[in-house]
Amino acid sequence: MNKQSFYLTTPIYYVNDIPHIGHSYTTIAADVLARYRRLQLCDVFFLTGTDEHGQKIQKAAESCSKTPHDFVDTVVSKYKNVWKSLNISNDDFIRTTDDRHVQRVKKIFKKLFENGDIYLGEYEGRYCVPCESFWTETQLDDGRCPECKRAVEKVKEKNYFFRLSKYQKQLIEHYHKHPEFVQPESRRNEIFQRIISPIEDISISRSAVTWGIQVPMDTTHTIYVWIDALLNYITALGYDDDMTLFQKFWPANVHIIGKEILWFHGAIWPAILMSLNIELPLKIFTHGWWTIEGQKISKSLGNAIDPLSIIHLYGTDAYRYFLLREVPFGLDGNFSYSALISRINSDLGNDLGNLLQRALTMVEKYFDAAIPEYSEDEDELKESSQNTCDQINKELDNLQFSKALEVIWEFIGKANRFIEGKKPWTLAKTSAHRPQLERVISSLAKAIKDISIFIYPFMPNTCVEIQKQLGILEGDEPPCLEYQQSMRNGIIVKKGNPLFPRIEKEPENSGKETTMPSMNKKTF
RNA sequence: GGCGGUGUAGCUCAGUUGGUUAGAGCAGCGGAUUCAUAAGCCGCAUGUCGGGGGUUCGAAUCCCUCCACCGCUACCA
């Protein structure tokens, strides 16, 4: 059996910053996709990691009197901790300080040099240390970095350059041949426009930076962090000294990135791959940014949200659900506590949690907690479930997470309406209606089992909890993820606590717009 | 400055190649119920479709113009 392989990546996160909502968004989206592909029995390789070199980190380490190594270790452990709390199922975690990465990057750099695509040139201009970016005089904003508005340093140094311009034509061709290379389309158009404009070669080494990977032919230079970082996508697969994974998984099916790094992924990265004569990734999906209560996330405002604080209050699955449901993937979105609470109460509590609760109560009341025998032929929700499944697949194939969730919730609504229509409480009053009642309740139980699988990629813990309460799972076994598989006979339900208890907003006495919830700790 | 995008019910947004009374979710209001987390179900409303002008038998949907906001990019300084 040849399983279809599926390789997806997040960017590797720069460890000068602790993880916030934006990092978690990318990683959660990737995790949902990875879990979805595994459901489809793909052979999935899901990579994330950290970007740890560069002057900015060197300076950050100095400022807290640490060695760069100790400094990055500390931050990396924070990332790993958050990913664990968010239930991220990555298959590997690459650090640019990993020896495997360092050795491979050096080798690749040498290869690029030998191909004639790297040359020694001279750069003169302004450099913004925090942004690790060179700017021309004209790009400066009042003498400051146009991106972060901080002071820039005047530098004049010999640098190694990569012949990006050489690949312009090939890039244009690739964009023509593969209109879906960059998603969404609006981003594709943006970057395409830039690719057809004049392109300059880029400086890819730094002589002033010591915290980095040495240029193999010239140890007075280190490799520009972005080049170092981009290569992670192939060094993690062993390129090019241990090619088993590489041969199996490359080209990547999708790189999921934020819109701020599209130029690197949509132009520089493909050009490097072209130079190495490696196939290009199939797709680059660019998602939007989050604002917090309407404001841009910024260090100066100090409004960055620690995902751990949210999941501590509302649970991992609610957080995962919110981020992917609230905003179409690709667009910007706004995070607010009121919106989060609204989603939890209405979608998760009222629609989903309540559905399970009412169904289980009826199984208890009318059938002594034993789900009546299920017959596929008599399942009145089966067709609707299958349609839902098909539509979810269609949406997730295109990374349309919010649409997939909408489709799932339509089915949840259908199940709720099914109950209203059949009125089991009325059927239960007459023994003559027993067969009908059995049919309704068993169909309902099966529908809920299906729902638990539908939501699994998004809310793996909730999937398990539903299946436990349904009685499908005992102890700590993994959830049943086979959509086609119908339920065993004689399952005894184990109704537990409501899945998503209603969150009551605080009385409006604080005058604050963001009502913080009272105590409502959840474990999933 | 150039290119592109957005502006539709209180909020967030859908609205195919122009065509009968402009839609959904949430919030709000009303109703019938009770299996359920005062949940669910049924029903209801309101919108100068950013402003103005034009094409057309007919435009949210095409054209022009103005306003507001956003993105990419350039340049001046």
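Note on naming: letters A, B, ... go to the chains in the order of the sequence lines (proteins, then strands), and numbering restarts at 1 for each one. Predicted model only: the values in this text are computed from it and were never measured.
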Item to check | d(CG, A/N354; P, B/A36) in whole Å | outcome: 10 Å
Checklist entry - Taking the nucleotide of RNA chain B with the closest heavy atom to each, which residue, A/N189 or A/G413, is nearer the 5' end? => result A/N189
Checklist entry - So, are A/D390 and A/K394 salt-bridged, with charged N and O less than 4.0 Å apart? => result no
Checklist entry - Less than 4.0 Å between a side-chain N and a carboxylate O, is that true for A/K259 and A/E190? => result no
Checklist entry - Between B/C42, B/U37, B/C35, which nucleotide has the shortest distance from any of its atoms to the side chain of A/R417? => result B/C42
Next on the checklist: Please report the distance, rounded to the nearest Å, between CZ in A/R325 and P in B/U12.
Outcome noted: 15 Å
Checklist entry - Nearest-Å distance, CZ (A/F418) to C1' (B/C42)? => result 18 Å
Item to check | Rounded P spacing from B/G71 to B/A9 in Å | outcome: 23 Å
Checklist entry - Is it true that atom NZ of A/K494 has more than 12 heavy atoms of other residues, nucleotides or ligands lying nearer than 6.0 Å? => result yes
Checklist entry - When the C1' atoms of B/C35 and B/G19 are considered, how many whole Å apart are they? => result 47 Å
Could you list, one pair per line, each protein nitrogen or oxygen that sits under 3.5 Å from a nitrogen or oxygen of nucleotides 27-31 of chain B, together with the distance?
none

Item to check | Integer angstrom distance from the C1' of B/A36 to that of B/G40 | outcome: 7 Å
Checklist entry - Does A/A271 offer a backbone N or O that forms a donor-acceptor pair with the side chain of A/S275 under 3.5 Å? => result no
Checklist entry - Rounding to a whole Å, what distance do you find between A/K423:NZ and B/G40:P? => result 16 Å
Next on the checklist: Give me the distance, rounded to whole Å, that separates B/A60 from B/U55 when you measure between the P atoms they each carry.
Outcome noted: 16 Å
Under-3.5 Å N/O pairs linking protein and nucleotides 69-73 of chain B:
residue : atom : partner : partner atom : Å
B/G71   : O2'  : A/R187  : NH1          : 3.3
B/G71   : O2'  : A/E190  : OE1          : 3.4
B/G71   : O2'  : A/E190  : OE2          : 2.6
B/U73   : OP1  : A/R194  : NH1          : 2.6

Item to check | Verdict with supporting geometry, A/T462 and A/Y321, side chain to side chain donor-acceptor pair (under 3.5 Å) | outcome: CA-CA 11 Å; A/T462 304; A/Y321 175 80; over 6 Å; no
Next on the checklist: With a 4.0 Å limit, can you tell me whether A/K365 has a side-chain N or O closer than that to the phosphate oxygens OP1/OP2 of B/A36?
Outcome noted: yes
Item to check | Proximity of A/H20 and A/F335 rings by center, below 6.0 Å | outcome: no
Checklist outcome for this item: Of the candidates B/U37, B/C41, B/C35, the side chain of A/P498 sits closest to B/U37
Next on the checklist: How many whole angstroms separate atom CD1 of A/I466 from atom P of B/A36?
Outcome noted: 19 Å
Checklist entry - Are the side chain of A/D117 and the backbone N or O of A/R163 linked by a donor-acceptor pair below 3.5 Å? => result no
Next on the checklist: Work out how far the C1' atom of B/G7 is from that of B/A14, and round it to whole angstrom.
Outcome noted: 15 Å
Item to check | A/L360 CG to B/A39 P, straight-line distance once rounded to whole Å | outcome: 20 Å
Item to check | A/Y25 and A/F329 aromatic centres sub-6.0 Å | outcome: yes
Item to check | Rounded distance in Å - CH2 (A/W409) to C1' (B/C13) | outcome: 19 Å
Checklist entry - Under a 3.5 Å cutoff on both atom distances, Watson-Crick or G-U, what's the dot-bracket for RNA chain B ([ ] crossing, | other strand)? => result (((((((..((((.....[...)))).((((.........)))).....(((((..]....))))))))))))....
Next on the checklist: My understanding is that only residues two or more places apart in sequence, or in another chain, count here; which of them pass side-chain hydrogen bond (donor to acceptor under 3.5 Å, both in side chains) with A/T27?
Outcome noted: A/Y13
Checklist entry - With A/K446, which residues qualify under side-chain hydrogen bond (donor to acceptor under 3.5 Å, both in side chains), at least two apart? => result A/D450
Checklist entry - Cation-pi between A/R188 and A/F192: NZ/CZ under 6.0 Å from ring centre and within 45° of the ring axis? => result yes
Item to check | Atom pair distance, as rounded to whole Å: CD in A/E438 and P in B/C35 | outcome: 19 Å
Next on the checklist: Once you measure the plane-to-plane angle for A/Y337 and A/Y314, does it fall in the parallel (<30°), tilted (30-60°) or perpendicular (>60°) bin?
Outcome noted: tilted
Checklist outcome for this item: Applying side-chain hydrogen bond (donor to acceptor under 3.5 Å, both in side chains) to A/S205 and not counting sequence neighbours gives A/H221
Checklist outcome for this item: Closest to the 5' end of RNA chain B, once A/E326 and A/G353 are matched to their nearest nucleotides, is A/E326
Item to check | Between B/G30 and B/C13 - C1' atom distance, rounded Å | outcome: 26 Å
Next on the checklist: Work out how far the C1' atom of B/U34 is from that of B/C42, and round it to whole angstrom.
Outcome noted: 15 Å
